[in-house]
Trainee: 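Here it is, the structure, as structure tokens.
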There are 2 protein chains.
Amino acid sequence: MGEEITTAKEAADNASVLAFGRLLGAANRLEYLLGRAIEEACGITHLMFEVLLILGRADDSGMPMGDISRAQVLTTGGVTRLIDRMEAAGLVERVANPGDRRGRLVRLTAAGEAKVVEAARVHLANIERYFVEPLPVEHRRQFADDLRILSRSARDSVGRLR
Amino acid sequence: MGEEITTAKEAADNASVLAFGRLLGAANRLEYLLGRAIEEACGITHLMFEVLLILGRADDSGMPMGDISRAQVLTTGGVTRLIDRMEAAGLVERVANPGDRRGRLVRLTAAGEAKVVEAARVHLANIERYFVEPLPVEHRRQFADDLRILSRSARDSVGRLR
DNA sequence: TGGAAATATCTGATTAGTCAGATACTGTTT
DNA sequence: AAACAGTATCTGACTAATCAGATATTTCCA
């Protein structure tokens, strides 16, 4: 990684810059495709699905919103508004937290439980579809390239993190 | 992947659901950390940096905005506005496209050239820093876990894509 | 060649996030 | 137990994306 960069072309062609760009590109495309599919089939966004999964993992009594904020890359203000929408949609409810009255706990409603099961099935089916059958043509080649580079890059990074 | 999902807990604990969640989580944290660093050091967003790199790779005469839209996951409307801001910041300019008068070409200005070189250096230094020295503590453990799973998942996916 | 369909970009209205500051409670520390 | 720092959430103002519809130009084919 020692080569000095002095022109835009050198910046754009640098191996590490490229690899990280590909990694993020692949992840974004994946998130876009899978998120779009859930949205169309189930009427909830990808982020709502992630929150439903987090709550599914949580204790039945619920979870403070701060925990959700830390689990996702989202500010506490963003979580407040996301939970507002999910509550309006009947997927979650806020209940009193006897141990700390500064905020309430969020937990799944029955409708939320049903929705996360439905969305997870759709999600799994799409993972199967995209990775066994061909991707949409306009994504396929790009994706395969990205994932090959991503795999190498991630493996190297894991090594260095130990 | 044949297990039937019937409860929120099963959905949340499913191996594929988890792996994809981790993969996207790792990429989002990475994008957030590296993007934030470029933003603070160079005053441009991560998305602007990506566009500068794309233009650095392009022909000197410039590139139509539709190509940028397709390279990133961004609508054409979004690209129009992103380029508006970058043009206002003096990083790029729109020039006439003699071959197709429906739209103009976008190309780097001298300031844009300088900025992409500066940002790429910062970016490389941060990649070095994050993956050789410890990550910020609040991200480190999560990140290492994510990347291990990501690596496995990506390798499998590449295999299936052939 | 004339016109329909496709393409490139732009724009108004809307949505969902950020940030920073307000409010309400908790926990410590004298 | 009074004060003060810390934590959890909410909110107003703002930003940057989306979508859908408008406009200009190009391409294709009958």
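Letters A, B, ... mirror the listed sequences (proteins, then strands); counts begin at 1.
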Trainee: If the cut-off is 4.0 Å, is A:Thr75 near the phosphate of C:dT18, judged by side-chain N/O to OP1 or OP2?
Mentor: yes
Trainee: Among C:dG17, D:dT9, D:dT26, which nucleotide has an atom closest to any side-chain atom of B:Asp100?
Mentor: D:dT26
Trainee: Measure the shortest side-chain to side-chain distance between A:Arg121 and B:Glu4 over non-hydrogen atoms and say whether it is less than 4.5 angstrom.
Mentor: yes
Trainee: Could you please name the option among D:dA17, C:dG17, C:dA8 that lies closest to any side-chain atom of B:Leu47?
Mentor: D:dA17
Trainee: Select one nucleotide: of C:dC25, C:dT9, C:dT18, the one nearest the side-chain heavy atoms of A:Leu74.
Mentor: C:dT18
Trainee: Determine which bases of DNA chain C form Watson-Crick or G-U wobble pairs with both distances under 3.5 Å, and write the result as a 5' to 3' dot-bracket string with | for other-strand partners.
Mentor: ||||||||||||||||||||||||||||||
Trainee: Using whole Å, what does the distance between atom P of nucleotide C:dC10 and atom CZ of B:Arg101 come to?
Mentor: 16 Å
Trainee: Of all the choices, C:dT11, D:dT9, C:dG17, which nucleotide is nearest to the side chain of A:Leu82 once you look at every atom?
Mentor: C:dG17
Trainee: Counting just side-chain N and O atoms, does A:Arg104 come under 4.0 Å of either OP1 or OP2 of D:dA8?
Mentor: no
Trainee: Between D:dT9, C:dA8, C:dC10, which one does the side chain of B:Arg70 approach most closely?
Mentor: C:dA8
Trainee: For D:dC19, does OP1 or OP2 lie under 4.0 Å from any side-chain N or O of A:Arg36?
Mentor: yes
Trainee: So does B:Arg94 get a side-chain nitrogen or oxygen closer than 4.0 Å to the phosphate oxygens (OP1/OP2) of C:dC10?
Mentor: yes
Trainee: Heavy atoms from C-beta onward define the side chain here; which of D:dC10, C:dA13, D:dT26 lies closest to that of B:Arg81?
Mentor: C:dA13
Trainee: Looking at A:Arg102, does any N or O in its side chain come under 4.0 Å of the phosphate oxygens OP1/OP2 on C:dG27?
Mentor: no
Trainee: Within this structure, what is the CD-to-P distance between B:Glu39 and C:dC19, rounded to whole angstrom?
Mentor: 9 Å
Trainee: Do B:Ile54 and B:Ile44 sit in one hydrophobic cluster, given that two such residues count as connected whenever their side-chain heavy atoms are within less than 4.5 Å of each other, even indirectly?
Mentor: yes
